[in-house]
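One structure is given below, encoded as structure tokens.
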Amino acid sequence: MKGVESFKDDYLDMVVEFFQYPGLRRKLKEFLKKEIQNSGCNVIYAHSLGSLICYDLFLSENNGMIYKDITLITAGSQLGVQRLPDFIPIQRLNLKRWYNFNNPHDNVFAGNSIILNADNFSNERVEFKEGIASHNGTRYIKESDQRIWTDIIKSYEQVVL
């Protein structure tokens with residue numbers, strides 16, 4: 001039971017608290033926005049709760065073009081789960097590109113593909129089994145198709161050159 005309790009506290013509670021506490025949700029979104037502005041980043045890798053925070057920010061400013069040069073990679077995301085109605089249906093984001101890595105063995109409500117038909121979005125199956133959750137953010141990167149990372153790099157090299 002100790003392992004199960006730790007699993008619930010470390011994973012499941014974070015997503016519930018994100019939706020349960022609007023003030024926390026707003027502060028996380030504001031923090032992310034400021035970090036993007038300060039760093040000038042072009043690529044964001046967002047695992048699990050990070051994918052919800054990113055989607056929340058990008059969706060709230062979806063009509064603007066402020067994030068049009070950003071590539072988002074979500075992994076182990078709970079987006080699209082029917083029990084999280086805030087984000088249903090999933091909408092197209094005004095980003096350069098959005099890849100969603102999903103693992104059918106991920107047991108943190110993240111084993112399904114995101115249902116979205118958009119020209120800048122794709123689901124990428126990343127399959128691995130690890131522990132009881134199969135929800136490791138680093139494993140998603142290691143097991144993903146390296147072509148995606150090469151394509152991302154090339155897309156920004158063209159801009160810089």
Side-chain angles (χ1 to χ4, degrees), residues 5-103 106-126 133-142 144 148-149 151-153 155-156 159-160:
E5 290 303 316
S6 174
F7 175 77
K8 287 182 351 189
D9 286 341
D10 293 343
Y11 296 110
L12 304 179
D13 285 354
M14 291 188 297
V15 172
V16 170
E17 289 170 4
F18 174 76
F19 287 104
Q20 189 174 14
Y21 299 109
L24 171 66
R25 184 173 170 177
R26 186 184 67 256
K27 285 180 182 179
L28 289 168
K29 190 166 46 173
E30 289 169 3
F31 176 80
L32 176 61
K33 183 176 183 173
K34 186 177 270 185
E35 287 298 309
I36 292 170
Q37 289 170 343
N38 290 340
S39 69
C41 72
N42 289 317
V43 179
I44 298 174
Y45 176 76
H47 176 254
S48 195
L49 178 59
S51 70
L52 301 178
I53 297 167
C54 285
Y55 184 78
D56 202 21
L57 172 63
F58 298 143
L59 183 64
S60 69
E61 300 189 15
N62 205 19
N63 292 325
M65 296 302 285
I66 190 168
Y67 302 115
K68 68 178 177 46
D69 295 325
I70 289 180
T71 296
L72 174 65
I73 302 102
T74 52
S77 179
Q78 294 83 12
L79 287 167
V81 173
Q82 295 298 316
R83 293 181 183 152
L84 305 177
D86 290 36
F87 295 149
I88 299 209
I90 300 299
Q91 298 177 39
R92 183 188 191 283
L93 299 175
N94 286 330
L95 302 173
K96 180 175 186 172
R97 191 82 177 93
W98 176 11
Y99 298 93
N100 178 59
F101 294 171
N102 68 299
N103 176 7
D106 192 320
N107 293 317
V108 187
F109 305 114
N112 297 319
S113 299
I114 292 174
I115 298 171
L116 175 64
N117 185 15
D119 60 347
N120 66 342
F121 173 81
S122 65
N123 280 297
E124 304 292 335
R125 185 180 176 110
V126 177
S134 298
H135 190 68
N136 182 319
T138 305
R139 279 292 296 275
Y140 270 99
I141 294 171
K142 288 179 182 176
S144 64
I148 293 166
W149 301 102
D151 289 349
I152 291 169
I153 292 167
S155 75
Y156 289 102
V159 173
V160 173

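Basis for what follows: all heavy atoms, side chains included, without hydrogens, waters or symmetry-related copies. Values in this document were obtained by computation on a predicted structure and should not be read as measured data.
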Looking at every non-hydrogen atom in both residues, tell me the closest pair between [X] and [Y] and how far apart they are.
| X | Y | value |
| --- | --- | --- |
| Ile115 | Ile90 | O-CB, 3.9 Å |
| Val81 | Ile88 | O-CD1, 3.3 Å |
| Glu17 | Leu24 | O-CD2, 4.0 Å |
| Phe87 | Leu59 | CD2-CD2, 4.4 Å |
| Asn123 | Asn100 | OD1-ND2, 3.0 Å |
| Gly76 | His135 | O-CE1, 3.2 Å |

If you measure from the Lys or Arg side-chain nitrogens to the Asp or Glu carboxylate oxygens, is any gap between Arg26 and Glu30 under 4.0 Å?
->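 Between Glu30 and Arg26 there is a salt bridge, with a charged N closer than 4.0 Å to a carboxylate O.
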Could you state the interatomic distance from CD (Glu61) to CG (Leu93), rounded to the nearest 0.5 Å?
->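 Glu61 CD to Leu93 CG: 11.5 Å, rounded to 0.5 Å.
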Spacing of Ile73 atom CD1 and Arg97 atom CZ [to the nearest 0.5 Å] =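 Between atom CD1 of Ile73 and atom CZ of Arg97 there are 10.0 Å.
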Between Asp106 and Tyr140, is a side chain to side chain donor-acceptor pair (under 3.5 Å) present by the stated rule, with each step listed?
-> CA-CA 10 Å; Asp106 192 320; Tyr140 270 99; 2.6 Å; yes
Can you label the angle between the Trp98 ring and the Phe121 ring as parallel, tilted or perpendicular, going by 30° and 60°?
->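 Perpendicular.
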Check: Phe58 ring centroid to Tyr67 ring centroid under 6.0 Å =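 Centroid distance Phe58-Tyr67: below 6.0 Å, so yes.
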Tyr99/Tyr45 aromatic ring centres below 6.0 Å |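 Judged by ring-centre distance (under 6.0 Å), Tyr99 and Tyr45 do not meet the cut-off.
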Geometric cation-pi criterion, Arg25 with Tyr21: 6.0 Å, 45° |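 No, a cation-pi geometry is absent between Arg25 and Tyr21.
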Can Arg125 and Ser113 be counted as having a side-chain donor-acceptor contact under 3.5 angstrom?
->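 Looking only at side-chain atoms, Ser113 and Arg125 do not form any donor-acceptor pair under 3.5 Å.
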Going through the checks in order, is the side chain to side chain donor-acceptor pair (under 3.5 Å) test met by Ser51 and Ser77?
-> CA-CA 6 Å; Ser51 70; Ser77 179; 2.7 Å; yes
Sequence neighbours left out, what passes side-chain hydrogen bond (donor to acceptor under 3.5 Å, both in side chains) with Ser60? Give chain and number order.
->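 Once residues adjacent in sequence are excluded, Ser60 has no partner under the side-chain hydrogen bond (donor to acceptor under 3.5 Å, both in side chains) criterion.
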